Amino acid sequence: MNPVQCRMARAALGWGVLDLSKEAKISTQTIVRFERGEALKQSTVDLIRSTFESAGIEFIPENGGGPGVRLSRTQN
């Protein structure tokens with residue numbers, strides 16, 4: 001997961017930074033730093049990614065058209 005995918009995933013779920021912060025149990029500043037492109041510990045990136053995946057986001061690898069995200073199931 002890269003910073004752009006993080007922003008895309010939040011948009012797909014209708015989440016703000018505060019929503020992701022609450023769900024992942026990490027600070028809003030950590031999310032902002034990541035989305036700005038600053039390096040985080042891999043364990044923190046993994047936590048953000050797993051939070052999104054639990055919420056129904058599927059990460060699409062770069063396959064010639066660039067990396068992306070999509071909803072993997074119907075959201076309530």
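Keep in mind that this is a model prediction, so the values were computed, not measured.
- For the atom pair CE of Met1 and CZ of Arg49, the computed distance is 7.5 Å after rounding to the nearest 0.5 Å.
- Residues Leu13 and Phe52 form a side-chain contact, since some pair of their non-hydrogen atoms from C-beta on lies under 4.5 Å apart.
- Judged as a side-chain contact (heavy atoms from CB on, under 4.5 Å), and not counting sequence neighbours, the contacts of Val4 are Asn2, Arg7, Met8.
- In this structure, the side chain of Ser50 engages the main chain of Asp46 through a donor-acceptor pair within 3.5 Å.
- Between Pro3 and Gly37, the closest heavy-atom pair is CG-CA, 4.0 Å.
- The side chain to side chain donor-acceptor pair (under 3.5 Å) search around Gln5 returns none, not counting sequence neighbours.
- Of all the heavy atoms in Ala12 and Ile57, the pair that sits closest is CB-CD1, 3.9 Å.
- With contacts defined as side-chain heavy-atom distances shorter than 4.5 Å, the pair Arg70/Ile60 qualifies.
- For residues 26-43, the salt bridge (charged side-chain N to carboxylate O under 4.0 Å, His left out) pairs, not counting sequence neighbours, are Arg10-Glu35, Arg33-Glu38, Arg36-Glu38.
- Side-chain contact check for Cys6 versus Phe34: some heavy-atom pair is nearer than 4.5 Å.
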Less than 3.5 Å apart, which donor and acceptor atoms pair up between the side chains of residues 20-30 and the rest of the protein, not counting sequence neighbours?
{"residue": "Ser21", "atom": "OG", "partner": "Ile26", "partner atom": "O", "Å": "2.5"}
{"residue": "Ser27", "atom": "OG", "partner": "Thr30", "partner atom": "N", "Å": "3.0"}
{"residue": "Ser27", "atom": "OG", "partner": "Thr30", "partner atom": "OG1", "Å": "2.8"}

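- Pairing each heavy atom of Val17 with each of Ile31, the nearest pair is O-CD1, 3.7 Å.
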